Protein chains: 2
Amino acid sequence: MAQLRVRTEPLNRHLRAAPQLFERLRERIIALDLLPGMPLSRVELMDEFGTSVTPIRDALQRLADEGLVEIFPQHATVVSRIDLAHAAQTQFLRRSIELEVVTTLVRVADEETFGQLHTILTQHRAALNDLAAFKRLDMRFHQAMYEAAGVPDLWALVRSRSGHIDRLRALHLPIAGKAKAILRDHGRILEALEARNAAAAQRAVHEHLSGTLTQVAAIAKRHPDYVRES
Amino acid sequence: MAQLRVRTEPLNRHLRAAPQLFERLRERIIALDLLPGMPLSRVELMDEFGTSVTPIRDALQRLADEGLVEIFPQHATVVSRIDLAHAAQTQFLRRSIELEVVTTLVRVADEETFGQLHTILTQHRAALNDLAAFKRLDMRFHQAMYEAAGVPDLWALVRSRSGHIDRLRALHLPIAGKAKAILRDHGRILEALEARNAAAAQRAVHEHLSGTLTQVAAIAKRHPDYVRES
DNA sequence: GGCCGTGCACTAATGCATTAGCGTTCCAAA
DNA sequence: TTTGGAACGCTAATGCATTAGTGCACGGCC
């Protein structure tokens, strides 16, 4: 069978192979380049990346930890179907943390923090037409809040569990005005923080993080084979 | 050098070796049977458990993911020192989630949930003098709340990050009245839930989860070599 | 002549490659 | 329909390559 993939960038031989494989595969799965249900053949991956099975095994194990692949011992490894329960729990997790983050920031944030957030928000507004930059700055705004609240690791934790949600986003229809809504929400959060108004900040976070999973039912109906029946 | 360990229970040969090794080592590290800074030799572990290096490598990798060991490539693998920043962030994580859990339960909990929690609390009170059972029922109370709120995976997540906190607890001096305070807090939480009083439930959770890290400074001073300088 | 610094070689431990072993699945034949 | 066998692919074992750390020796300097 002819490989449709144009070519695979070779791995950096001076770095550990397993983490690089993990990142490459994770990106492909989240971009739906590797589709849910697709089997991952170790020998194919060996050929493609020019390594042996050990680093591939390590990478697949870590992907399994994040729920992006399922390993059936002595049988097969396949890209996992999108787990709506997992996505919902991750969303719950993120909301929980960010509510506490803004509550903390209302107490402890200083002018430097506010300056950072304003800088990011300004760049973010300017990137309205650059999708990649827009996403990056969206994440950086949240990351900056986690760091200022003293919990940078929890941002990494949320990111590491976001695989299923990211795949749902990749299936989203583009929503008119979504980007502007994000900018508006970030503005409201920052405004409430500067006003030292915890209740308003929590309301803004709650609103910001509640809309994400609304299209889930429609997506599940449109792509039943990508979603875990349960 | 003579091994002080009496004997090592052999692994179950019908199950995967790596997960069993992971659990065994995790328990020993958390019980401070393996002390922070102690090197973990793969050949010693091979001898002790009668496996080859592959499952040992897998187990150590997972322990490194949870922060319980540090792997220095081409050099050594050692039991990690207790990371106070990691512990604090995990406590933040747990508090965030449980505040949202009780907020959710105030809305959605039914009589069956309340019945479960009452049953656990009753058993918990009866186990005041059985330390192991007391700890188990403490955890089960929280676990039951997570499950009733629809986020069972988040309980597992919190547990998987609790290694550093658990080791701090193992260094705690026994605090007089600690057990009764736990029972009192659980009672208050359940009471607030049944009254459908979100604010009271949040206050009770906050109080319940804030006392844990108070002795940290004293512990760090008493065991400077067990704690990560940072 | 003694001491300090540099460099090389040896040791040890991890990452990776290779191979053996074994369980599961699927298909075909009775 | 049931059973047996073959293929597939994951786990585990073994061996090799790579690299960080250590100690000793040599040379230069005080």
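Residue numbers begin at 1 in each chain, while the letters A, B, ... track the order of the sequences. Keep in mind the model is a prediction, meaning the values are calculated, not measured.
Applying the side-chain contact (heavy atoms from CB on, under 4.5 Å) criterion to A:Asn12, with sequence neighbours excluded, gives A:His14, A:Leu15, A:Gln20. In this view, A:Tyr146 and A:Trp155 satisfy the ring pair (Phe, Tyr, Trp, His ring centres under 6.0 Å) rule, not counting sequence neighbours. Residues that satisfy the side-chain hydrogen bond (donor to acceptor under 3.5 Å, both in side chains) test with A:Thr104, not counting sequence neighbours, are absent from this structure. With sequence neighbours left out, the ring pair (Phe, Tyr, Trp, His ring centres under 6.0 Å) criterion links A:Phe22 to no other residue. Partners of B:Arg42 under the side-chain contact (heavy atoms from CB on, under 4.5 Å) rule, at least two apart in sequence or in another chain, are B:Val53, B:Ile56, B:Arg57, B:Leu60. A search for side-chain contact (heavy atoms from CB on, under 4.5 Å) contacts involving B:Asp110 returns B:Glu112, B:Thr113, not counting sequence neighbours. Residues passing the side-chain contact (heavy atoms from CB on, under 4.5 Å) test with B:Ala133, sequence neighbours excluded: B:Ala127, B:Asp130, B:Arg136.
Residues from residues 71-80 of chain A with heavy atoms under 4.0 angstrom of DNA chain C, sorted by number: A:Gln74, A:His75.
At the phosphate of C:dA17, neither OP1 nor OP2 sits under 4.0 Å from any side-chain N or O atom of A:Arg42.
Of the listed residues (B:Leu93, B:Ile165, B:Asp153), just one forms a side-chain contact (heavy atoms from CB on, under 4.5 Å) with B:Val158, and that residue is B:Leu93.
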Are any protein N/O atoms closer than 3.5 Å to N/O atoms in nucleotides 12-14 of chain D? If there are, list each pair with its distance.
from   : atom 1 : to      : atom 2 : distance (Å)
D:dA12 : OP1    : B:Ala17 : N      : 2.8
D:dA13 : OP2    : B:Ser52 : N      : 2.8
D:dA13 : OP2    : B:Ser52 : OG     : 2.5
D:dA13 : O5'    : B:Ser52 : OG     : 3.3
D:dA13 : N7     : B:Thr54 : OG1    : 2.9

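Map A:Gln61 and A:His14 each onto its nearest nucleotide of DNA chain D; the residue landing nearer the 5' end is A:Gln61.
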